[in-house]
Amino acid sequence: MADSIPLRVSRFRPDTDSEPHWQEYDVPLRKEWTVLDGLNHVKNEVDTTLSFRWSCRMGICGSCGMNVDGEPRLTCGTFLSDYEPGPITIEPLSNFPVVRDLVVDLSDFMNKLPRVKPWIIRDDSDRMVEPDVEYLQTPEELDAYKQFSMCINCMLCYSACPVYGLDPDFIGPAAIALAERYDLDSRDRGNRERLDVLIEHDGVWGCTFVGECTRVCPKHVDPASAIQRYKVKAAMETVKAFLLPRGAR
Amino acid sequence: MTPSGGTPTGLRLYRPRVSTLWWTRKRTYFVFVMRELSSIFVAWFVVYLVVLIYAVGQGEAAYRRFLDWASAPWVTVLNVVTLMFVLLHAVTWFKLTPQAMAVRVAGRRVPGFHIIAGQYTGLVVVSGFVLWLVRR
Amino acid sequence: MTKRRIEPLVWLMFSAGGVLAAVFLPSLILLFGLAFPLGWLHPPDHAHLLAVLANPLTFVILLGSFVLMLVHSAHRFRYTLYDGLQIKMKRTVAVLTYGAAILGSVATLGALWVAAQAL
């Protein structure tokens, strides 16, 4: 193993630059070091002006997503030694506007997520229930939605999705996966409300099942599956809406 | 690419443009676009079959003329390419189907492998039927 | 009550057409696109083909399958134009693609009708 490895990092200063440019840094190549460790080395020892997001450094907070050699990755889970001899190209997460250096603007997702109402929705009659009583759930009922609950909102799926890149109106993989997570939750009664949002054209129908979202997801959520299952559900509900008399709906 | 004029908070964001050749940059994107382009060849072959059916309706001579025309090199090449794209469609379609449905039998999730195998079986059965029907 | 939208129904047709294209077309292309015209296999008698085509069940199955496969193609190609060529005139693309599918469906009906009459 060599002593060091070059990082080719995208730099962008909004006040002075009209577009990003590259800057190369050599960082120590240690067996257990991740790309995030390399970036922190740069910031601590070489160039304190480099800006990037990170927090838990163990793959659970979803903050450190960046494009590494063109692939959306969590930098805390991407090892330098896998890219020897480098250089490793590090860019901000694709498909998002860049604020500065490796920091992107996630407000689009922040606006989209509440639209799918990602919380337990109950009917009014449940206000009769004691507030301290838990809603019971069997292991099988948990199993039905558990995979989709693993989302850490890291946005790698949005970065990988070509449809989102071309049409920012598309509500996107994570939002739909989270809607499905609540739809499948036995405690939830909000299917109809979420369907009304996702049945629109900027909902599930923009998805052409590329499958990249599932491929890059670090928590194996499989958003592509959630989206296709949602399409089937939406189609079935539409058929019922057309066929059944008003009273039965 | 110039940054936008500034958001309400004064952020000047850089918005990268997606190149028209975005799908050539990654193998998975390329295969995806090829899969989508199979739609052209599906449409072509449906039209081809419609013309064949019309020729059959017009009589024996028209049918033979159609078969002759279909043996021309450009038609043959086109149909070979069509077969390749339709097979790409079938293989990718079968592989993706398990992701589109959660099939449960007696409370246990059916593994994707069985769903995929079931579809290939369907392909073989239908193909066998077509062959039999036509050659009877 | 669920909103009534056409897109989900078109998507259902797209899916059905996709399944049909995957299981039906490979053998049809091999036989009618290659084996019979090139003489690898002896082509079926005209009379036999006509008899098969004139059968009401064949009529219904072929018409249904061709329509669904044409809708499948149109739907997929429509999104290819949006994503591949980044065409923004969405309504125009939709009209052109599904319009072509409708034309093809009418042609299918016509050809099957002619064949049915010929027997």
Side-chain angles (χ1 to χ4, degrees), chain B residues 18 20 22-23 33 35-60 63-64 66-72 75-76 78-80 82-83 86-87 89-91 93-94 97 100 119 122-123 125-131 133-136, chain C residues 15 17-34 36-39 41-50 52-54 58 62 65-66 69-70 72-80 83-86 100-101 104 107-108 110-119:
Chain B
V18 180
T20 317
W22 62 269
W23 50 278
V33 171
R35 179 192 99 191
E36 299 297 285
L37 288 177
S38 72
S39 57
I40 301 176
F41 296 93
V42 168
W44 148 251
F45 206 73
V46 170
V47 168
Y48 176 94
L49 288 175
V50 168
V51 175
L52 166 60
I53 291 170
Y54 183 70
V56 170
Q58 294 291 86
E60 167 95 41
Y63 172 53
R64 293 291 156 191
F66 178 89
L67 288 179
D68 267 338
W69 167 80
S71 67
V75 180
T76 305
L78 181 53
N79 283 336
V80 168
T82 298
L83 181 61
V86 166
L87 286 176
H89 160 74
V91 166
W93 191 271
F94 291 166
T97 301
Q119 294 174 98
L123 170 62
V125 166
V126 170
S127 301
F129 173 71
V130 167
L131 185 63
L133 185 68
V134 154
R135 304 257 292 151
R136 201 152 42 104
Chain C
S15 297
V19 173
L20 288 167
V23 298
F24 245 138
L25 285 187
S27 55
L28 288 174
I29 301 171
L30 262 175
L31 293 175
F32 289 100
L34 297 171
F36 295 149
L38 296 176
L41 289 175
H42 196 70
D45 290 338
H46 174 260
H48 174 62
L49 265 189
L50 196 56
V52 170
L53 283 175
T58 319
L62 283 183
S65 305
F66 283 22
M69 290 196 282
L70 286 169
H72 167 88
S73 288
H75 187 80
R76 206 166 220 181
F77 193 63
R78 170 181 166 220
Y79 282 94
T80 307
D83 298 338
L85 295 179
Q86 300 185 43
T108 305
L112 285 169
W113 183 255
V114 165
Q117 297 304 304
L119 195 60

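The shown structure was predicted, so the numbers you read here are calculated from the model rather than taken from an experiment.
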Using a cut-off of under 4.5 Å for heavy-atom pairs, which of B:Gly59, B:Gly128, B:Ala72 has the most such pairs with chain C? B:Gly59
When the 4.5 angstrom heavy-atom criterion is applied to B:Arg64 and chain C, the contacting part is side chain
Looking at chain C, which one of B:Tyr54, B:Phe66, B:Phe129 has the largest number of heavy-atom pairs inside 4.5 Å, strictly under? B:Tyr54
Below 4.5 Å from any heavy atom of chain B, which atoms of C:Leu112 appear? Answer side chain, backbone, both or neither. both
With only heavy atoms counted, which part of B:Val33 is less than 4.5 Å from chain C, the side chain, the backbone, both or neither? neither
Kindly assign one of parallel, tilted or perpendicular to the pair C:His46 and B:Tyr63, based on the angle between their ring planes and the thresholds 30° and 60°. tilted
So do C:Phe32 and B:Asn79 actually touch side chain to side chain, heavy atoms under 4.5 Å? no
Heavy-atom pairs under 4.5 Å with chain B, option from C:Pro37, C:Gly17, C:Ser15, C:Ala111 with the top count: C:Pro37
Please identify, among C:Leu62, C:Leu38, C:Leu30, the residue contributing the most non-hydrogen atom pairs under 4.5 Å to chain B. C:Leu38
Does the side chain of B:Ile53 come within less than 4.5 Å of C:Phe66's, by heavy atoms? yes
Between C:Ser27, C:Ser65, C:Ser73, which residue shows the highest count of heavy-atom pairs closer than 4.5 Å to chain B? C:Ser73
What part of C:Leu28 gets closer than 4.5 Å to chain B, counting heavy atoms only: side chain, backbone, both or neither? both
B:Val80 versus chain C, the contacting section by heavy-atom distance below 4.5 Å: both
Can you tell which part of B:Thr97 gets under 4.5 Å to a heavy atom of chain C, answering side chain, backbone, both or neither? neither
Which region of B:Leu133, side chain (C-beta onward) or backbone (N, CA, C, O), has a non-hydrogen atom less than 4.5 Å from a non-hydrogen atom of chain C, or is it both or neither? both
Residue pair B:Phe45 / C:Met69, side-chain heavy-atom distance below 4.5 Å: no
Between CG of C:Leu31 and OG of B:Ser127, what distance do you get to the nearest 0.5 Å? 8.5 Å
Highest number of heavy-atom pairs under 4.5 Å with chain B: which of C:Val52, C:Leu34, C:Leu41? C:Leu34
For B:Tyr48 and B:Trp69 the tightest heavy-atom approach is CE1-CZ3, 3.8 Å
To the nearest 0.5 Å, what is the distance between NE2 (C:His72) and CH2 (B:Trp93)? 5.5 Å
At a 4.5 Å cut-off on heavy atoms, which part of C:Thr80 comes close to chain B: side chain, backbone, both, or neither? side chain
Got B:Arg135 and C:His48 here, is their nearest side-chain heavy-atom distance under 4.5 Å? no
Within this structure, what is the OG-CZ distance for the pair B:Ser39 and C:Arg78, rounded to the nearest 0.5 Å? 13.0 Å
Check each atom of B:Val47 against the heavy atoms of chain C and say whether the ones under 4.5 Å are side chain, backbone, both or neither. neither
Relative to chain C, which of B:Val56, B:Leu67, B:Val126 shows the most heavy atom pairs under 4.5 Å? B:Val56
Please classify the contact of B:Trp22 with chain C as side chain, backbone, both or neither, using a heavy-atom distance under 4.5 Å. side chain
Which atom names give the shortest non-hydrogen contact between B:Val50 and C:Ala107, and what distance separates them? CG1-O, 3.7 Å
Closest approach of C:Arg76 and B:Ser38, non-hydrogen atoms and distance? NH1-OG, 3.7 Å
Under a 4.5 Å cutoff for heavy-atom pairs, which residue among B:Val134, B:Val130, B:Thr20 has the most contacts with chain C? B:Val134
Name the region of B:Leu83, side chain, backbone, both or neither, that has any atom closer than 4.5 Å to a heavy atom of chain C. both
Measuring from B:Trp44:CH2 to B:Leu78:CG, what's the distance to the nearest 0.5 Å? 5.0 Å
Which atoms of B:Ile40 are under 4.5 Å from chain C, going by heavy atoms: the side chain, the backbone, both sets, or neither? side chain
Do you know the tightest heavy-atom contact between C:Ala21 and C:Pro26? O-CD, 3.5 Å
At a 4.5 Å cut-off on heavy atoms, which part of B:Phe94 comes close to chain C: side chain, backbone, both, or neither? side chain
